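Written out below as structure tokens is the structure these notes cover.
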Number of protein chains: 2
Amino acid sequence: MQLHKRDVVEAATRLLDGYGIADLTMRRLARELEVSPGALYWHFANKQQLLGAVADRILEPVSEPAGDWRDRVWQTCAALRDALLSHTDGAELVSASFAAGQSAAMKVIVSGLTEAAAQAGVDDAHAELAARTIVYYVLGFTVDEQSRLQWDAAGAALPDDQSVLAADGSARFRFGVGLLLGGIGVADTALT
Amino acid sequence: MQLHKRDVVEAATRLLDGYGIADLTMRRLARELEVSPGALYWHFANKQQLLGAVADRILEPVSEPAGDWRDRVWQTCAALRDALLSHTDGAELVSASFAAGQSAAMKVIVSGLTEAAAQAGVDDAHAELAARTIVYYVLGFTVDEQSRLQWDAAGAALPDDQSVLAADGSARFRFGVGLLLGGIGVADTALT
DNA sequence: ACCTGAACACCGTTCAAGT
DNA sequence: ACCTGAACACCGTTCAAGT
């Protein structure tokens with residue numbers, strides 16, 4: 001029967017989870033869907049656009065946060081990291097799609113963070129930049145964390161000593177978010 | 001005559017500046033050097049390692065900073081951004097090499113920033129994370145800035161109205177660095 | 001020690017032609 | 001409207017064999 005956009009994105013996500021981003025190719029995806037490679041180009045202009053759709057799928061669980069601006073930043077950061085860690089190479093894929101401007105969901109997230117920054121007292125000219133700074137942190141941190149996690153999971157049976165110290169990603173993650181909140185919190189007073 | 005590592009890196013940098021990262025392929029590089037593709041694998045284990053060497057070349061102008069911890073962070077951030085903007089797709093290439101752990105120069109930069117954070121009063125368990133957070137910002141910001149700059153430069157003859165507002169990357173860049181410095185500056189007092 | 005030649009196993013994208 | 005078949009123009013990497 002007919003191929004729909006959502007079937008393609010679903011199959012792509014399966015491929016990602018099963019084999020990683022390196023094996024998420026247009027040809028392999030076509031094979032999985034039992035269509036010719038060209039068929040995908042009826043539904044998506046190019047690979048970047050398809051990856052953007054996969055990114056948006058990964059980010060579906062990231063819902064609108066509630067509370068004061070600090071709460072909303074915390075919730076968004078935590079939900080974003082959780083979503084990325086839920087799929088093999090999720091952080092890398094979303095990071096690339098964000099940089100390429102192909103993820104609508106990331107744009108929504110940046111908007112929300114921009115509003116939070118504005119509410120914190122950051123002037124309008126810089127609120128979006130503050131929001132993007134938060135996003136750069138979450139993506140950078142999680143790409144890093146996930147690559148270590150996946151490397152450990154594949155063989156490398158616990159280096160034991162170092163891995164304990166390097167562990168507890170959540171606590172480390174929160175420390176970084178705290179740093180940024182600290183900076184934003186003093187932005188209206190201490191900075192020009 | 002004989003092919004040396006430094007000739008390969010130099011030719012790769014020329015290719016990067018002239019045609020961008022998408023055209024920096026092992027085969028194209030070999031053609032440029034008038035050797036067979038396999039020859040490159042005598043000098044570099046794989047493409048990632050070669051790109052790491054190019055990243056280190058790009059980062060050569062980033063020198064040891066001086067002054068108190070705030071000065072050193074400012075100087076490092078500014079010099080890093082300048083170096084990335086000096087080569088086509090420089091930010092993207094260095095960002096990828098850093099994520100892959102292939103840039104020795106980036107490790108040195110992180111070390112320096114870690115020391116600065118420690119001097120600012122961030123405890124040892126978190127100083128490196130603070131340093132990485134700064135690096136995530138500089139890389140994320142500059143990847144973004146450079147993609148816009150290069151997009152504008154290629155055709156797109158100044159959208160005029162928007163481009164003036166979106167312009168002055170340096171001032172916007174400094175604002176973000178200020179945010180991070182603010183967070184680090186209060187880290188010893190306000191944060192747990 | 002250093003490099004060639006040739007192969008292996010792939011890529012993303014396009015597009016006339018079919019249904 | 002949606003897809004196939006086949007082509008175009010490439011990739012990164014390996015490795016026996018040569019010098």
Side-chain angles (χ1 to χ4, degrees), chain A residues 1-16 18-55 88-89 92-97 99-103 147 151 154, chain B residues 1-16 18-55 88-89 92-97 99-103 147 151 154:
Chain A
M1 70 275 116
Q2 262 230 57
L3 194 61
H4 283 104
K5 258 177 141 109
R6 92 187 86 81
D7 306 320
V8 178
V9 174
E10 208 188 305
T13 308
R14 268 203 315 274
L15 226 44
L16 183 70
Y19 308 95
I21 201 172
D23 286 322
L24 177 41
T25 69
M26 298 299 268
R27 283 171 177 276
R28 180 115 190 233
L29 182 54
R31 218 186 305 143
E32 210 78 6
L33 291 161
E34 294 178 294
V35 296
S36 94
L40 299 174
Y41 290 86
W42 181 261
H43 300 278
F44 297 91
N46 48 46
K47 190 182 179 179
Q48 270 203 357
Q49 197 171 97
L50 168 358
L51 291 182
V54 175
T88 309
D89 296 329
E92 200 180 324
L93 186 144
V94 170
S95 190
S97 292
Q102 297 287 343
S103 169
S147 89
W151 202 86
Chain B
M1 72 276 117
Q2 261 230 60
L3 193 61
H4 283 105
K5 259 178 139 109
R6 93 186 85 83
D7 305 320
V8 178
V9 174
E10 209 190 301
T13 308
R14 270 202 314 273
L15 225 45
L16 183 71
Y19 308 95
I21 200 171
D23 286 321
L24 177 41
T25 68
M26 296 302 267
R27 283 171 177 275
R28 182 117 190 231
L29 182 53
R31 218 186 303 143
E32 210 77 7
L33 290 161
E34 294 179 293
V35 295
S36 95
L40 299 175
Y41 289 87
W42 181 260
H43 300 277
F44 297 91
N46 49 45
K47 189 181 180 181
Q48 270 203 355
Q49 197 171 97
L50 201 210
L51 291 182
V54 175
T88 308
D89 296 331
E92 199 180 324
L93 186 145
V94 170
S95 189
S97 291
Q102 297 286 343
S103 168
S147 90
W151 203 86

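All of these numbers come straight from a predicted model, not from anything done at the bench.
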### Task
Working to the nearest 0.5 Å, report the span between CD of B/E10 and CG of B/L33.
9.5 Å

### Query
Quick one: side-chain hydrogen bond (donor to acceptor under 3.5 Å, both in side chains) pairs with a partner in residues 29-53 of chain B, sequence neighbours left out?
B/Q48-B/Q102

### Query
Sequence neighbours excluded, which residues qualify as side-chain contact (heavy atoms from CB on, under 4.5 Å) partners of A/A96?
none

### Query
Out of curiosity, A/I21 CD1 to A/L93 CG, how far, rounded to the nearest 0.5 Å?
4.5 Å

### Task
Examine distances only and state if a side-chain atom of B/D23 and a backbone atom of B/G20 form a donor-acceptor pair shorter than 3.5 Å.
no

### Task
Send over the distance from A/L3 CG to D/dC3 P, rounded to a whole Å.
5 Å

### Summary
Between the CG atom in A/L40 and the NZ atom in A/K5, the distance rounded to the nearest 0.5 Å is 11.5 Å

## Note on the structure
salt bridge (Lys or Arg N to Asp or Glu O under 4.0 Å) filter on A/R6, not counting sequence neighbours, yields none

### Query
Which of residues 40-54 of chain B sit near DNA chain C, with a heavy atom under 4.0 Å from it?
B/W42, B/H43

## Note on the structure
From CG of B/D23 across to P of D/dA9 the rounded distance in Å is 15 Å

### Contacts of type side-chain contact (heavy atoms from CB on, under 4.5 Å), residue A/T25, not counting sequence neighbours
A/R27, A/R28

## Note on the structure
From CD1 of A/I21 across to P of C/dG12 the rounded distance in Å is 12 Å

### Message
Please report the distance, rounded to the nearest Å, between NE2 in B/H4 and C1' in C/dA1.
### Response
11 Å

#### Entry: Among C/dG12, C/dT4, D/dT4, the one nearest A/T25 by side-chain distance
C/dG12

### Between D/dC2 (P) and A/D7 (CG): distance, integer Å
13 Å

### Query
In whole Å, what separates the C1' atom of D/dC11 from that of C/dC8?
12 Å

### DNA chain D: stems of at least 3 consecutive Watson-Crick or G-U pairs whose donor-acceptor distances fall under 3.5 Å
C:4-8 with D:12-16, C:12-16 with D:4-8

### For B/S103, side-chain hydrogen bond (donor to acceptor under 3.5 Å, both in side chains) partners two or more places apart
B/D56

Between N or O atoms, less than 3.5 Å apart, protein on one side and nucleotides 5-7 of chain C on the other: list the pairs.
unit_1	atom_1	unit_2	atom_2	d
C/dA7	N6	B/R27	NH2	3.2

### Message
If I compare all heavy atoms of B/A12 with all of B/L29, which pair ends up nearest, and what's the gap?
### Response
N-CD1, 3.6 Å

### Task
Starting from P on C/dC11, measure out to CZ on A/R28 and report it in whole angstrom.
8 Å

### Task
To the nearest Å, give me how far apart CD (B/E34) and P (C/dT4) are.
10 Å

Every protein N/O lying under 3.5 Å from an N/O of nucleotides 17-19 of chain C:
none

## Note on the structure
Rounded to whole Å, the CZ-P distance (B/R31 to D/dA9) equals 13 Å

### Query
Do you know which of B/T88, B/T13, B/L16 makes side chain to side chain contact (heavy atoms under 4.5 Å, CB included) with B/L24?
B/L16

### Task
Any chance you could measure A/D89, atom CG, to A/Y19, atom OH, to the nearest 0.5 Å?
14.5 Å

### Query
Could you give the distance from CZ (A/F44) to CG (A/L50), rounded to the nearest 0.5 Å?
5.0 Å

